Amino acid sequence: MTDQQLPDGHRSGYVALAGKPNVGKSTLLNSLLQQGVMAVSSKPQTTRRRQIGILTLPKAQVVFLDTPGIHAPRHELGKLMLGEAITALAEADLALAVFDVHAAPEGVDAQVAQALGGNTPNLVALNKIDLADPASLQEHWDAYQALLPEAEMLTVSALRGDNLAELVERIVSRLPVGPRYYSEGEVTDAFERDIAADLIRAAGMQLLRQEVPHALAVHVDDYQERGEGGAFIGATVFVERESQKGIVIGKGGHMLRDIGTLARRQIEAMSGRKVYLELKVKVLPGWRDDERALHRLGYKAGH
Ligand code: GDP
Ligand code: MG
């Protein structure tokens with residue numbers, strides 16, 4: 001459909017998702033887009049780089065920016081991630097704050113609210129309503145409203161889909177009248193190699209569970225299109241210590257093979273074609289505190 005055929009009053013704009021890790025931003029985005037391109041994990045901060053998801057409707061186009069989460073920076077990595085989140089907010093037409101309504105707000109939620117305090121109009125999704133205890137719901141609602149007194153709030157369940165159609169309606173109604181920025185079929189402009197790196201990292205976190213908590217980073221070294229033959233991806237998994245390298249590789253290389261298989265399947269599902277994935281493991285001591293190492297891994301401030 002070309003712009004000429006768009007209905008009168010077609011709306012479009014950028015919506016930044018803001019919220020601390022684990023409140024369900026990626027899950028919400030996934031549900032809204034009905035696409036499986038974001039890395040979703042039960043551990044915080046799987047989505048390390050900013051990604052864009054595009055929801056194209058007959059009457060509107062919503063471009064979502066998923067931020068890595070706002071939280072008190074402890075490591076260098078934390079600072080860079082905070083910077084990315086703030087940049088996304090500044091560029092957006094609308095900020096969608098996501099809170100977990102089944103728990104009371106914490107200091108980090110207040111920080112999120114504070115970061116939103118500026119000129120960007122706000123909308124609040126109180127997520128995980130499926131887990132909420134009716135006895136404490138009102139109290140949590142009031143506590144979140146107190147963080148952003150001007151904002152309109154809505155309870156949703158990203159997982160079950162509750163109230164998502166209403167959420168989309170309210171988002172669209174707040175966007176300016178404008179054209180379609182992206183063609184109808186395009187759902188993401190995040191580079192496939194970034195998504196591949198996120199999916200490899202998510203696979204590692206899923207299979208390793210508690211063993212190598214946050215000390216895992218992935219860099220895609222090589223991404224080659226091979227036409228009908230699919231794509232070749234070479235990637236390095238970085239750990240902080242020699243002992244972690246052993247865990248990631250596993251007995252006889254089994255763990256690394258399992259991570260590769262799981263990640264390859266997900267990248268294939270995402271890209272819709274065959275993928276050859278080659279993984280290496282390297283020790284990069286203290287990478288989370290080393291600004292140069294972070295940049296080499298692609299965690300650049302301001303994208
Ligand atoms: P993010 O860090 O904010 O992007 O959070 P994720 O999207 O990665 O979600 C964190 C965890 O919360 C995952 O285990 C999700 O399955 C879970 N989750 C997200 N939304 C919901 C929801 O509406 N209900 C329930 N019960 N769990 C949810
Ligand atoms: Mg996420």
Side-chain angles (χ1 to χ4, degrees), residues 15-53 55 64-74 77-78 80-82 84-86 88-89 95-106 108-113 115-116 123-134 136-137 140-141 144 153-168 188 190 194-195 197-210 213-214 216 218 262 266 270 299:
V15 177
L17 281 110
K20 70 184 176 191
N22 251 351
V23 291
K25 297 179 298 298
S26 299
T27 309
L28 182 63
L29 191 47
N30 262 325
S31 301
L32 291 172
L33 299 178
Q34 301 290 306
Q35 295 282 338
V37 296
M38 308 297 293
V40 177
S41 151
S42 57
K43 292 212 177 62
Q45 294 169 9
T46 298
T47 309
R48 295 233 156 193
R49 266 152 288 184
R50 186 141 45 104
Q51 293 186 345
I52 295 183
L55 175 65
F64 290 101
L65 310 167
D66 185 19
T67 65
I70 293 173
H71 62 111
R74 258 180 301 151
L77 178 59
L80 288 182
M81 290 170 67
L82 186 60
E84 284 266 306
I86 303 280
L89 286 176
L96 177 62
V98 185
F99 297 124
D100 178 352
V101 75
H102 103 281
E106 311 174 312
V108 194
D109 295 298
Q111 263 181 284
V112 171
L116 293 177
L123 193 61
V124 173
L126 294 176
N127 192 34
K128 308 198 187 184
I129 187 67
D130 57 298
L131 296 180
D133 174 5
S136 50
L137 183 57
H140 291 171
W141 173 287
Y144 284 111
M153 307 207 299
L154 184 69
T155 57
V156 300
S157 170
L159 207 61
R160 274 197 331 210
D162 302 11
N163 243 353
L164 296 188
E166 178 62 24
L167 179 60
V168 169
T188 178
D194 280 1
I195 299 173
D198 271 346
L199 290 175
I200 294 164
R201 187 165 186 279
M205 285 169 74
Q206 187 176 330
L207 293 176
L208 292 164
R209 297 177 198 285
Q210 258 55 279
H214 279 283
L216 210 62
V218 174
L262 178 60
Q266 290 180 345
M270 178 270 293
Y299 300 135

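When a ligand or atom number is given, it counts from 1 through the structure's own listing order. This one's a predicted model, so the numbers in the text were calculated from it and none came from an experiment.
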*Asks:* Taking N127 for its side chain and V23 for its backbone only, find out whether a donor-acceptor pair lies under 3.5 Å.
*Replies:*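 Present.
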*Asks:* Counting only nitrogen or oxygen atoms and a 3.5 angstrom limit, does K128 reach ligand 1?
*Replies:* yes
*Asks:* Closer than 4.0 Å to some heavy atom of P21 - which atoms of ligand 1 meet that?
*Replies:*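 The list of qualifying atoms is 2 (O).
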*Asks:* Of the listed options (A18, A125, S26), which comes nearest to atom 4 (O) of ligand 1 when hydrogens are ignored and any heavy atom counts?
*Replies:*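 The nearest heavy atom belongs to S26.
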*Asks:* Counting only nitrogen or oxygen atoms and a 3.5 angstrom limit, does A158 reach ligand 1?
*Replies:* yes
*Asks:* Closer than 3.5 angstrom, by distance alone: can the side chain of K20 be matched with the main-chain N or O of V112 as a donor-acceptor pair?
*Replies:* no
*Asks:* Number the atoms of ligand 1 from 1 as they appear, then name those within less than 4.0 Å of a heavy atom of K25, with their elements.
*Replies:* 1 (P), 2 (O), 3 (O), 4 (O), 5 (O), 7 (O)
*Asks:* Side chain or backbone, does L159 bring an N or O within less than 3.5 Å of an N or O on ligand 1?
*Replies:*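 Yes, since at least one N or O of L159 sits under 3.5 Å from an N or O of ligand 1.
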*Asks:* State, with a plain yes or no, whether a side-chain heavy atom of T155 is found less than 4.5 Å away from one of D162.
*Replies:* no
*Asks:* So if I count the atoms of ligand 1 from 1 in the order they appear, which ones are less than 4.0 Å from some heavy atom of L131?
*Replies:* 26 (N)
*Asks:* Would the distance check show the side chain of K128 and the main-chain N or O of A158 forming a donor-acceptor pair, the cut-off being under 3.5 Å?
*Replies:*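 No; judged by distance alone, with no hydrogens or angles, the pair does not exist.
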*Asks:* Would you say the side chain of L28 lies within less than 4.5 Å of the side chain of L96, judging by non-hydrogen atoms?
*Replies:* yes
*Asks:* Heavy atoms, side chains only, cut-off 4.5 Å: are V168 and L55 in contact?
*Replies:*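 When only atoms from C-beta onward are counted, L55 and V168 do touch, with a gap below 4.5 Å.
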*Asks:* Heavy-atom contacts under 4.0 Å between V23 and ligand 1: side chain, backbone, both, or neither?
*Replies:* both
*Asks:* Are any non-hydrogen side-chain atoms of L32 and F64 less than 4.5 angstrom apart?
*Replies:* yes
*Asks:* Is N127 touching ligand 1 with its side chain, its backbone, both, or neither, if touching means heavy atoms under 4.0 Å apart?
*Replies:*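 Near ligand 1, N127 shows its side chain, while the N, CA, C and O stay back.
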*Asks:* Counting both backbone and side chain atoms, is some N or O of G24 under 3.5 Å from an N or O of ligand 1?
*Replies:* yes
